[in-house]
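Okay, so here's the structure we're looking at.
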Number of protein chains: 2
Amino acid sequence: MPDRPTSRDVARLAGVSRTTVSLVLNNVPDVHISPETRQRVLEAARQLNYYPDASARRLVSGKTSTIALVWHRGPDRTYRDAFLPGLLQGATRAARHYGYYVLFRPIEPDESDDAWVELARGRHTDGLILSGPRSDDAALLDLYREGFPLVLHGQLPGTDIPAVDVDNESGAMAAIRHLLALGHRRIGMITNAPLAYIASRQRLEGYRRALEEVGIPFDEALVHCGNFDEESGRQAMQALLALAERPTAVFIASDMVAVGALRALREHGLRVPEDMAIAGFDDIATSRYLTPALTTVHVPAFGLGWSAVELLIRIIEGDAPSETQVRLETELVVRESCGASAPQGKV
Amino acid sequence: MPDRPTSRDVARLAGVSRTTVSLVLNNVPDVHISPETRQRVLEAARQLNYYPDASARRLVSGKTSTIALVWHRGPDRTYRDAFLPGLLQGATRAARHYGYYVLFRPIEPDESDDAWVELARGRHTDGLILSGPRSDDAALLDLYREGFPLVLHGQLPGTDIPAVDVDNESGAMAAIRHLLALGHRRIGMITNAPLAYIASRQRLEGYRRALEEVGIPFDEALVHCGNFDEESGRQAMQALLALAERPTAVFIASDMVAVGALRALREHGLRVPEDMAIAGFDDIATSRYLTPALTTVHVPAFGLGWSAVELLIRIIEGDAPSETQVRLETELVVRESCGASAPQGKV
DNA sequence: ACGTGTTACTAACACGCGTTAGTATACACC
DNA sequence: GGTGTATACTAACGCGTGTTAGTAACACGT
């Protein structure tokens, strides 16, 4: 590898000082450089194929122009992978739009929960997005209190750390209202995960509230917990089918879990939606290709990524909005599994 | 944000020089520091919660300890997203294993094809992985000739740039042999993409060779081209069904395309595998949940990511292997769509 | 002729670290 | 008592840039 040209080389070739090179190439405003000199510098830089050294620039400017996306891979990692492409695309597009790079840092199950701290403390990045945060993380709170720019993807109850998440409760309500509109009155639920997860509690609360709206009392027997994966859905559905009085519809707060529930129904010889209506949540890539195609609540992964980065960068640049808790709306996607006819042309 | 401690602060607190601090904290070998001093430095660093500044370290060492994954989002972007979680996980795990960070840089369709060049020229990274490279990229060849560490994911015919890819030909052969073993003799094919893509040509070649092995002549009428998406598969299958003498099995070199083909078969009232056997390629997340579950050729996304990074880092560190063209083996995953019984316990 | 202001630049510092070359002391050996 | 060597450190340089403070030349009004 031949020696890279530095700004000194450009200066020499253009017959000016290094300062002038810097002023010209960075287009510093309110500085007087003659058009001829400007041209000479530009030409010299072009001729040498000069690119300023990122490390030097970072050091002197104190800005890394980089943000990190910290991706916790916990017990829910397979579930969360479903959103990775969309979220990452939203995040990188927003980052690029504002002139930032994105460092991707998964935290594997065998790593310490705060292995990401060095990214902040070592000034590798100007800010962090933490996806799938743990609440018992003292390092997180320290950093936040010191004013380090931080945005969570997913909520952390009991803190006011800026966070971006989907509106789980209203999403669940939309699904239930859809089932109610189709005439169902005995509606069961399988949660996406144990109730230790806040998203599970919120989706359950949406279910409860939507029933309450129409005067249907909450019946604990109709609710079972899923645990991210297919198998948990299969077991939960089996439990519901063992009930003396079965529900006519089940809201399953995770499409991945719904896949297992559908299997249980097939194993019991029950048809969907004729014998039982099913509504899901998440709208993962697979959902539209299931038989029957799953009616579900779409989670805007791209929007979550974009919003998180946009919020983070505003915080980094000292332009934080007054409201730093962002909740994105979901959208009900009607397909086949509830028996409603889909709008023309939609898949 | 309070002022970050620097190595000078640590030195002052420990009552030694900055040099000593650096020597102790970096565990420089063959240098004599008394155990007491060593302890004092460590204690001071701990007390100040000192983390060395990454930018300064990069500048002085000339190493960024960062590699970039450049992800071209072309016409095949939806297809390629299916492998992103696996590939990224493999890449980041390998990177971390060798002490590197990963910068993720998608190139959107509206960006210049060589928008990634500044990452290399500006010394943002020590090396690059280019996923989905374009062959007409002069900047790529320049960089390679200058010795900048580079690894491609996906092949670029006519160059010897280090590359990691899946063995498309042998994967296709495995699928065809499977269909042959089940008694099929008239086997059609729908390619994953137009033949401008090398992977398409290679999978087609595998199909051709596997048939040739058993003396079945290549019949052009049985081959139609897909174009990454579902709809192209639907149309290609319709064309095959319009044939006077239909195939009894079709190898579809992309699961996403196969989804559309399955739909076409359903629309024609044909059962899979009874009326027609279907074998796919890629093993995307959806494949196992299709009805019928798709027998397909598994692509090791994690392995591709890991191998690419491992190769890249060996090149960066001057330890390049003699063979820099890596081809990973695929694995046939037998499910339901060909009518063979799956091995016990496998899904 | 002389201050004042504008234009067009440059010298020199600082960012925080790794590292090389060098110094001071202690100890051993003949 | 001088030489040599190991030990335990430190002073100072340089990485490549952005930026601040400053200088030289020139025009202009009085």
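Numbered from 1 within each chain, the chains take letters A, B, ... in sequence-line order.
- Atom NZ in A/K63 sits about 19 Å away from atom P in C/dC15, given to the nearest Å.
- Rounding to whole angstrom units, CG of residue A/L25 and P of D/dG16 are separated by 16 Å.
- Applying the 4.0 Å criterion to OP1 and OP2 of D/dG18, one finds that A/S61 has every side-chain N and O outside that range.
- A heavy-atom distance below 4.5 Å is found between the side chains of A/H153 and A/R80.
- Rounded to an integer number of Å, the gap from B/Y51 OH to C/dG18 C1' is 21 Å.
- Side-chain atoms of A/T6 lie closest to D/dG16 of the nucleotides D/dT10, D/dT19, D/dG16.
- One can place CZ of B/R18 at 11 Å from P of D/dA11, the figure rounded to the nearest angstrom.
- A/Y50 has a side-chain polar atom (N or O) that falls below the 4.0 Å cut-off from OP1 or OP2 of D/dT17.
- Side-chain N/O atoms of A/T19 and base N/O atoms of C/dA11 include a donor-acceptor pair closer than 3.5 Å.
- Distances shorter than 4.0 Å separate some side-chain N or O of A/S34 from OP1 or OP2 on C/dC9.
- For B/L23, counting side-chain heavy atoms from C-beta on, the closest listed nucleotide (D/dT19, D/dT17, D/dT10) is D/dT10.
- In this structure, B/R38 atom CZ and D/dC9 atom C1' are separated by 12 Å, rounded to whole Å.
- Using a 4.5 Å heavy-atom threshold, the side chains of B/V164 and B/L311 count as touching.
- A/W306 and A/F302 have parallel rings, their planes meeting at less than 30° on a 0 to 90° scale where 60° marks the start of perpendicular.
- Not a single donor-acceptor pair under 3.5 Å links the side chain of A/S65 to the backbone N or O of A/Y100.
- Within the structure, a side-chain polar atom (N or O) of B/T37 is placed less than 4.0 Å from OP1 or OP2 of D/dC9.
- Residue B/V16 is in sugar-phosphate contact alone, with no base atom involved, counting any heavy-atom pair closer than 4.0 Å across all strands shown.
- In this structure, A/S7 reaches the D/dT17 phosphate: one of its side-chain N or O atoms is under 4.0 Å from OP1 or OP2.
- Looking at A/R4, its side chain does come within 3.5 Å of a backbone N or O of B/R121 through a donor-acceptor pair.
- Between the P atom of C/dT10 and the CD1 atom of A/I33 lies a distance of 8 Å, rounded to the nearest Å.
- In this model, the phosphate group of D/dG18 is approached by a side-chain N or O of A/R57 to a distance below 4.0 Å at OP1 or OP2.
- Between the CZ atom of B/R8 and the C1' atom of D/dA11 there is a distance of 12 Å, given to the nearest Å.
- Of the candidate nucleotides C/dG18, D/dG16, D/dT19, D/dG16 has the atom lying nearest to any side-chain atom of A/L59.
- Nucleic acid contact for A/R58: none, since no nucleic acid atom lies under 4.0 Å from a heavy atom of the residue.
- In this structure, the nucleotide among D/dC13, C/dT10, C/dA8 sitting nearest to the side chain of A/H32 is C/dA8.
- Between A/P35 and A/A56, the residue anchored closer to the 5' end of DNA chain C is A/P35, taking for each the nucleotide with the nearest heavy atom.
- Here the side chain of A/T20 is nearest to one of C/dA8, C/dA14, C/dT10, namely C/dT10.
- Surrounding CG of B/D110 are more than 12 heavy atoms belonging to other residues, nucleotides or ligands, all under 6.0 Å away.
- Residue B/R40 is the one, among B/R40 and A/S22, whose nearest nucleotide of DNA chain D lies closer to the 5' end (criterion: closest heavy atom).
- In this entry the distance linking CZ of B/R121 with P of D/dG16 reads 16 Å, nearest Å.
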